[in-house]
Amino acid sequence: MAIAATPVAAVIVKFRSASHSAQGAQVRPAPDRIAALTARTGLALHAARSITDVLHVIHVQPAVTGEPIAATVERLRVDPEVEYAELDQRRYPHATTPNDPLFSEQWYLQQSSATTPSAVDAVTAWDTTTGGIGTTGTTGIVIADLDTGVRFEHPDLQWAGSGGRLLPGYTFISDTFVANDGDAQDADASDPGDWVIQADLSKPECSTGTAANSSWHGTRVSGLLGALSNNGTGIAGVTWSPWLLPVRVLGKCGGLDSDIIAGMLWAAGIHVNGAPDNPYPARIENMSLGGTGACPQLYADVVGQLTAKGVLVVASAGNEGGPVDAPANCAGVAGVAGLRHAGTKVGYSSLGPEIALSAPAGNCVNTGAGSTCLYPITTTVNQGTTTPATSGYTDQVSNPNLGTSFSAPLVSGIAGLMLSVNGNLTSAQLIARLKEGSHLFPQTSPGTIPAPPMCHVPTGQTDVQNSECICTLDGQTCGTGMASASGALNAALRPVAAVRVPASVAPGMNVTLDASGSSAACKHTIASYQWASSDSGSPGNKFHRSLHHRDRTGERYIQRDPHGDR
């Protein structure tokens, strides 16, 4: 699906900070900077709203009648006070259409088998943790879901204040029509429905859309992240204890980049103008959304800020079967592609070298009229076709749940389990250990005749692989491997090795190597350090460090740190 430009020429502009400003040490007020930018560029600029003190949405009129918007944006980009300027584009949800009674249908959480090798084996991981320790030991882990909002009354989710998992959240949708609840940005993250009728298609926000019932997309994703589990109701979530923070950035006909990045910043605890600061900063942000095209600089900027705070961003690859969508294709994001039950790429999933790893996305196998969809991703939903009605669950017949939207929360949930046992892991370390714990892709597809082709890196947007293909083992098509909760948890339990060395080293001098900055997983302590020379006869000795740490039972773990070579 293509990205639709906003109906007005709205551009997201980030001004340079004071240290880079030609105007002196102090950052001037936004109206003054926009007025000066107007004078320098000759463009008619009107401030729409501010996201931060230096990040603004500005309505732009071309200086020359008929000038392409790309040329107009380029005029802004070359201005010395502008760090970057990006068209405010629209993104869309990535969905294609244990005593919990429906757990038997959740094949994707079970141990992998010959029939379902792509299952993530959460059941084995739960023997170690269900996600309940948390990085602080008191408030626990927060996973934010940037989506359509959520139905707080669903019995398998519920308000945190009434025994559930859902924190209050916030809505960042700036367009009242898109918000569909009578107003725009506010503290209510409940999903009123995002249905689209034929008459809506005449509105600029829906110019590339189609009529459809409400998706309840955020409620579906939230159920996978952390439905109330082992409670005799409905389904189990990947995590059983972390808090879920709904951040509403999508509504009727998708959502704007400016709203999405505001939600990303706020969810991580970064101040956003016009909104109260988030009292529950998230360590993980799930983004089951996107649009075609390269990673915009504004997403790269925001992801960089989140990464610096240790926040992991997980995003779905997209459902076009072509190149990976933004923001999943942004550096520092854990992009997730979709797999069939057999471990092959599901036809609709986008793919490419930006993918970190893959997880089940749902596939039906039987496609005859009235036949059962054998391998959907069962989750929470509302039964209303437009406005909210009764709570319920997706099923294998009338409402199967399919899409890379549902691969991403499986990986986000696994990351939540990892943080619950090792809160010291950075976002980069989480991605590295998710990859380390993954399983190799099968190189056959049992029962598929003729055998599906090997996947390949898309050459462009028109290079679409919209049928099953076998993921390559080089990490260039579907990532490093198939997500495994048990494998990732084992990787997370290893200590984080850190070594301090002198600023400069001369031949023949004694060198002190300090590993005291290393850290163990939760409920573990570093017991000892071990250093060994692998080449004692050469001047450039290489040392390998092993960390020994113990848990409370005295079980010993050893990490050999290849990155500690000196």
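Residue numbers count from 1 along this sequence.
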**Request:** Please test T219 against N382 for side chain to side chain donor-acceptor pair (under 3.5 Å), starting from the C-alpha separation and ending with a verdict.
**Result:** CA-CA 8 Å; T219 300; N382 190 278; over 6 Å; no
Using the rule given for ring-ring contact (aromatic ring centres under 6.0 Å, His included), can you reason through F406 versus H217, listing the C-alpha separation, both sets of side-chain angles and the distance that settles it, and then say yes or no?
CA-CA 10 Å; F406 312 112; H217 193 267; 5.7 Å; yes
>> Before you tell me yes or no, could you show the steps for I414 and L434 under side chain to side chain contact (heavy atoms under 4.5 Å, CB included), namely the whole-Å CA-CA distance, both residues' side-chain angles and the distance that decides it to 0.1 Å?
In response: CA-CA 8 Å; I414 292 171; L434 280 164; 3.7 Å; yes
field: Test side chain to side chain contact (heavy atoms under 4.5 Å, CB included) applied to L402 and Y348, step by step
entry: CA-CA 10 Å; L402 310 169; Y348 54 77; 3.9 Å; yes
Side chain to side chain contact (heavy atoms under 4.5 Å, CB included), that's the test. Do L306 and V302 meet it? Break it down for me.
CA-CA 6 Å; L306 269 56; V302 171; 3.9 Å; yes
Would S438 and T480 count as a side chain to side chain donor-acceptor pair (under 3.5 Å) here? Give the steps.
CA-CA 7 Å; S438 65; T480 302; 5.4 Å; no
Open item on the list: Show, in sequence, the C-alpha distance, side-chain angles and deciding distance for S288 and D147, and conclude whether the side chain to side chain contact (heavy atoms under 4.5 Å, CB included) test is met.
Closed with: CA-CA 7 Å; S288 293; D147 216 299; 4.2 Å; yes
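The disulfide bond (SG atoms under 2.5 Å apart) pairs that include a residue from residues 394-437 number zero, where partners must be two or more places apart or lie in different chains.
Remark: the T394 side chain and the T379 side chain contain no N/O donor-acceptor pair separated by less than 3.5 Å. S113 and T115 form no side-chain donor-acceptor contact under 3.5 Å, judged by distance and modelled atom types alone. For T148 and D191, the side-chain atoms include at least one donor-acceptor pair closer than 3.5 Å. Y108 and Q106 are linked by a side-chain donor-acceptor pair at a separation below 3.5 angstrom, with hydrogens and angles left out of the test. Using modelled atom types and a 3.5 Å distance limit, the side chains of N213 and T385 yield no donor-acceptor pair. Judged by distance alone, the side chains of Q383 and T390 never bring a donor and an acceptor atom under 3.5 Å apart. Side-chain contact, S112 with D121: no donor N or O sits under 3.5 Å from an acceptor N or O. Under the 3.5 Å distance criterion, with hydrogens and angles disregarded, a donor-acceptor pair is assigned to the side chains of T124 and Q111. For the residue pair E468 and S445, a side-chain donor N or O sits within less than 3.5 Å of a side-chain acceptor on the partner. Side-chain contact of S316 with H94: a donor-acceptor pair under 3.5 Å is present, judged by distance alone. Judged by distance alone, the side chains of N319 and T404 do bring a donor and an acceptor atom under 3.5 Å apart.
When the SG-SG distance for C455 and C469 is compared with the 2.5 Å cut-off, it comes out below that value.
Residues forming a salt bridge (Lys or Arg N to Asp or Glu O under 4.0 Å) with D200 (at least two apart in sequence, or on another chain): K252. Residues passing the side-chain hydrogen bond (donor to acceptor under 3.5 Å, both in side chains) test with S162, sequence neighbours excluded: none. Every residue was checked against the salt bridge (Lys or Arg N to Asp or Glu O under 4.0 Å) condition with E105, not counting sequence neighbours, and none meets it. Scanning for side-chain contact (heavy atoms from CB on, under 4.5 Å) contacts around P296 gives E86, R91, L298, Y299, A326, with sequence neighbours left out. By the side-chain hydrogen bond (donor to acceptor under 3.5 Å, both in side chains) test, T239 is found to be paired with R165, residues two or more places apart in sequence or in another chain being considered. Qualifying ring-ring contact (aromatic ring centres under 6.0 Å, His included) partners for W266, counting only residues two or more places apart in sequence or in other chains: Y170, F172. Residues passing the salt bridge (Lys or Arg N to Asp or Glu O under 4.0 Å) test with D100, sequence neighbours excluded: none. Shown here are the salt bridge (Lys or Arg N to Asp or Glu O under 4.0 Å) partners of D259, two or more places apart in sequence or in another chain: R49. Taking W107 as the reference, Y375 meet the ring-ring contact (aromatic ring centres under 6.0 Å, His included) condition, with sequence neighbours excluded. With sequence neighbours excluded, no residue forms a side-chain contact (heavy atoms from CB on, under 4.5 Å) with D127.
The heavy-atom pair separating A268 from P281 by the smallest distance is O-CB, 3.8 Å. When all heavy atoms are compared, the tightest approach of P409 to S405 is CD-O, 2.7 Å. Taking all atoms of both residues into account, the shortest heavy-atom contact from P168 to Y280 is CD-CE1, 4.1 Å. Closest approach of G263 and L146 over heavy atoms only: C-CD2, 3.7 Å. The two residues W216 and D194 have their closest heavy-atom pair at N-OD1, 4.3 Å. Between A315 and A408 the shortest heavy-atom distance is C-CB, 4.1 Å.
When side chains are defined from C-beta on, Q110 counts as touching V123, because their heavy atoms get closer than 4.5 Å. The shortest side-chain heavy-atom distance between T477 and K345 does not fall under the 4.5 Å cut-off. The side-chain heavy atoms of C253 and V196, taken from C-beta on, include a pair separated by under 4.5 Å. In this structure the side chain of F441 never reaches within 4.5 angstrom of the side chain of P117, judged on heavy atoms. Using a 4.5 Å heavy-atom threshold, the side chains of R283 and I143 count as separate. Using a 4.5 Å heavy-atom threshold, the side chains of V346 and S349 count as touching. Side-chain contact check for N422 versus R433: some heavy-atom pair is nearer than 4.5 Å. Using a 4.5 Å cut-off on side-chain heavy atoms (C-beta onward), C471 and L339 make contact.
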List the atom pairs, donor and acceptor, that lie under 3.5 Å between side-chain atoms in residues 351-363 and the rest of the protein, sequence neighbours left out.
| unit_1 | atom_1 | unit_2 | atom_2 | d |
| --- | --- | --- | --- | --- |
| S358 | OG | C478 | O | 2.7 |
| N363 | OD1 | H341 | N | 3.0 |
| N363 | ND2 | H341 | ND1 | 3.1 |

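Distance check, rounded to the nearest 0.5 Å: CG of L245 to CG of D145 gives 9.0 Å. Atom CG of residue L417 and atom OG1 of residue T130 lie 8.0 Å apart, to the nearest 0.5 angstrom. The line from CG of N99 to CG of N230 is 4.0 Å long, rounded to the nearest 0.5 Å. From L250, atom CG reaches atom CD1 of I260 across 5.5 Å, with rounding to the nearest 0.5 Å. Note: N278 CG to L167 CG = 8.5 Å, rounded to the nearest 0.5 Å. For the atom pair OG1 (T472) and CE (M454), the distance works out to 6.0 Å, reported to the nearest 0.5 Å.
Annotation: H154 is in aromatic contact with Y393 [ring centroid separation under 6.0 Å].
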